[in-house]
S.K.: 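Handing you this structure, nothing more for now.
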Amino acid sequence: MTYKHEIVEKKWRTIWEKYHLYKATDFDKREKKYILAEFPYPSGSKLHVGHCFRYTMPDIYSRVLRMKGYNVLFPIGWDAFGLPTENYAIKTGESPKETTKKNIGIYREQLKMMGYSFDWDREVNTTDPNYYKWTQWIFLKFYENGLAQLKEEPVWWCEDLKTVLANEEVLDGPDGEKISERGGKRVERRMMKQWVLKITEYADKLIEGLYTVDYPKSIIDAQINWIGKSNGARVRFLTDKTEIPIEIFTTRIDTIFGATFIALSPEYPDIEKFIKEDYKSQVEEYITKAKNKTEVERMQNKEKTGEFTGSYAINPFNEEKIPIYTADFILPGYGTGAIMGVPAHDSRDYEFATKFNIPIKRVINPIDQDSLQQMPFEDDGILINSQFYDGKTSHDAREEMLQWIEDTKIGKRETHYKLRDWIFSRQRYWGEPIPLIHKKNGEIEEVEEKELPLELPDIEDYKPTSDGLSPLAKIKDWVEIKDENNKIIGLRETNTMPNWAGSCWYYLRYIDPKNDKEIASKKLMDYWLPVDKYFGGGEHTTLHLLYSRFWHRFLYDIGVVNTQEPYKFRRNTGLVLGSDGQKMSKSIGNVINPDQEIEKYGADALRIYICFIGPYDGTVTWQEAGLAACRKLVEDIYTIHKKVSDIEDDHKIKGAINIMVKNITDDIEIFHMNTAISEIMIFINLLKKETKVSKNTWKIFLRCIAPFAPFITEELWQDINGNKEWTENNSIHLQPYPEYDPKLESKQITMPIQINGKFRGTIEIQRGESEEEIKKQIYNNRKVSDYLKNKNIKNFIIIKDKIINIVTG
RNA sequence: GCUGGGGUGGCGGAAUCGGUAUACGCGACGGACUUAAAAUCCGUUGGAGCAAUCCAUGUGGGUUCAAGUCCCACCCUCAGUACCA
């Protein structure tokens, strides 16, 4: 009879759930481990195998830790605010609240079917007022500390989504145009007054923190890059209109003797003051054209353009007179919006100078003088044509020049960042209301803490509009705050928070999800923080992962949490492609639905296959045949169980299971679940050849694989132990994990023999065998000794218990 | 362009420190069972060669007793990012 997974899995799921088998215990004496995987967005489409890929490995890891005696917190919740739900509501007329509730129900059921060992008592939901009360509370803390501000600046507006987006939410589309992260719709620049969170003030702290955590190099580099810190200098150039100087920003002050022009962005304030009468018409035309170009057009046309203003600036280092241009490759938002052009040592300046016939003056020679000198030369080197500084290295010259500009007050050291402040308001309905009130007198007042949560009102019409106002603006009685005489004294802020807000601190709420006095108890946070292992998508590198590090560091600074970094360790989840090698998508029709696979093969088989499919952080391809093979493995286990009897341990099997335990334990430690599964297969292949299997061996085996296949192992464990009734204490999932016993390691080993580096055969020796004995064995081995006939042995290399290499002359 | 991964059989992929390359699985081939097929089970399976043997980890060099692994140069590919001075 074949194994009936549908019956077994349902039975155990119900029992485990009833007894809260996987609950984490606050303040427990056992060492704590906080294992976290990014919580899902419960969208209209059901759970995806991608989700299974994300959660299966951390679940197995958590299960192993639990069996090894740790107090494990492995929680789950719902990141439910955001556009997809709202768009769905607009389309169907069902309220986002209803949709969310329904979807969460489906997702929860599916995750339970997979047998994940979440502590369901700690479930959180970002759209629950008891949750977002604290999201709003943290926002107010930002506001009170001057880190939430209303700012008028160019923002990305998406006409399709009818809201502004943060820099991090804007991606490059296939044609080089800017598109939204959600939905891939076109975005454009607009000047708007928006709430920002001043993440820029945390730029240095966010960089420094990266040196204290264990993240993949790719994430660390990407975040450092995104923050884009550059140390440089602000230098004042006097102009022939002496009363108005121009301040430029440069990181290469060592090249300043090579500056042959100045370029201002078309948006440069007071630019018109530099435009000489004779040049007025063409410069003004250029500026108007540049300003009307969209960001996209301006960047797509990489060819340098610009206009001479007719004015000149004086280089403070050598008093040279250099022309002032305006050019649209100078960005208004970075540095001072003005640069010194050094064509010999900057490729963009070089391009510009070549086009406008501006002199190119070399001031840096490569240290390696004989390499042919190419233009432009952008590396550091030795200064030439720089008067007093000639012969100095770029590094030394920079230091001395910075000192000089500070002494003479013509400039100062300055640091700039690519990172922009986080645009934090959205003109959409389905998000946390920003708890602020705009008073009649122009002041802004916080919603009092005792009035939190400021609940999102139920409304009929969620539709966003193009006027830059949120749908909440239409609900008069919610927006208008009146005094006792029914006079309007203030208006509520109607923008909502971005969908990233709730996920910035969810890992804190898991620690104390029902606390109504604070975001979580300080003592509990001291106990559980930081998160020991964090798993999630690589697409969040410069979004959620950066944002939540920022929030956490801020909470640390105001004394709410006790660690500077939220996550000690991070690994990314890879991507599951369809069997055609393409990204799974409904339109292609290659999406795999976990429900159907569970129905057909069982959750145990699916879990095993998800491990076996490939490395956790890799891009893997779904293959139905692979899943079928894993189902076969489950059936093999079920079949072998019938061969278990009261016999003595076989020596060979005992050694084999010991090695399996070692290899699996090592693999799990480094999250190589695919090779752990192959170890299981190797051992099963061995047992298939046996007619009987000892109880002792089988018990070790079942405990070893229980984290991978929790259902069948519980079933067989109860059976083999003859338990009449399941109790928490006899559940396999709370038994100790098997341990490797070095004493059982076989004394006899197979040594490979190489002759001149080529493998020629093996000999059987005892561990730690003497050189003489090994040599004797080699000469006794016909195959190997044949190679040595009539040869001088020049070198005889023994790597203990590993390999032997004989070098002949 | 820059940054970070990769490149190993027909395919998915293994290979702590440099130490038997191709584990495990899929597929393929051969066989058993069957009237037959499916399922299952047992073998074989990197390439060339009758064989001894030789050749294979993107390409070309190098270091080493020994290189998929380390060093140099290059090619291809995936991801991120990009006029940031």
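Given the structure is predicted, the values throughout are model-derived calculations rather than measurements. Protein chains get the first letters and strands the later ones, always in sequence-line order, with residue 1 at the start of each. Reckoned from all heavy atoms, side chains included, excluding hydrogens, waters and symmetry mates.
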S.K.: Does A:N805 make a side-chain N or O approach to OP1 or OP2 of B:rU20 shorter than 4.0 Å?
M.R.: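 Negative; the distance criterion is not met.
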S.K.: Output all residues satisfying ring pair (Phe, Tyr, Trp, His ring centres under 6.0 Å) with A:Y609, sequence neighbours left out; order by chain, then residue number.
M.R.: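 If we apply the ring pair (Phe, Tyr, Trp, His ring centres under 6.0 Å) test to A:Y609, skipping adjacent residues, the hits are A:W622.
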S.K.: Is the closest basic N to carboxylate O distance between A:D666 and A:K662 below 4.0 Å?
M.R.: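 Looking at A:K662 together with A:D666, the answer is yes, because their closest N to O distance falls below 4.0 Å.
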S.K.: Reading RNA chain B from 5' onward, which residue's closest nucleotide shows up sooner: A:D349 or A:T762?
M.R.: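 Comparing both residues, the 5'-ward one is A:T762.
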S.K.: I need a per-nucleotide contact map over nucleotides 10-15 of chain B, read 5' to 3'. Cutoff is protein heavy atoms under 4.0 Å; write B for the base, S for backbone only, - otherwise.
M.R.: --BSSS
S.K.: Please identify each residue that fulfils ring pair (Phe, Tyr, Trp, His ring centres under 6.0 Å) with A:Y61, with sequence neighbours left out.
M.R.: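 Residues passing ring pair (Phe, Tyr, Trp, His ring centres under 6.0 Å) with A:Y61: A:F671.
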S.K.: Apply side-chain contact (heavy atoms from CB on, under 4.5 Å) to A:F53 and list each qualifying residue two or more places apart in sequence or on a separate chain.
M.R.: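 For A:F53 the side-chain contact (heavy atoms from CB on, under 4.5 Å) partners, ignoring immediate neighbours, are A:T573, A:V576, A:I610, A:I613, A:V620.
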S.K.: Note every stem involving RNA chain B: at least three consecutive Watson-Crick or G-U wobble pairs, i with j then i+1 with j-1, with both distances under 3.5 Å.
M.R.: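 The stems are B:1-7 with B:75-81, B:10-12 with B:24-26, B:27-32 with B:40-45, B:46-48 with B:53-55, B:58-62 with B:70-74.
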S.K.: Would you verify whether the NZ or CZ of A:K775 falls within 45 degrees of the ring axis of A:F796 while also being under 6.0 Å from that six-membered ring's centre?
M.R.: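 The answer is yes, since A:K775 meets both limits relative to A:F796.
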S.K.: Should A:E635 and A:R631 count as an ion pair when the cut-off is N to O under 4.0 Å?
M.R.: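 Salt bridge present between A:E635 and A:R631.
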S.K.: Would you say the side chains of A:E168 and A:T542 form a donor-acceptor pair under 3.5 Å?
M.R.: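 A:E168 vs A:T542: no donor-acceptor pair found between side chains.
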S.K.: Got a sec, which residues hit ring pair (Phe, Tyr, Trp, His ring centres under 6.0 Å) with A:Y601, two or more places apart in sequence or on another chain?
M.R.: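 Partners of A:Y601 by the ring pair (Phe, Tyr, Trp, His ring centres under 6.0 Å) criterion come out as none, since no residue qualifies.
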S.K.: Among B:rG19, B:rG4, B:rC54, which nucleotide sits nearest the side chain of A:R760?
M.R.: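 Minimum distance to the A:R760 side chain belongs to B:rC54.
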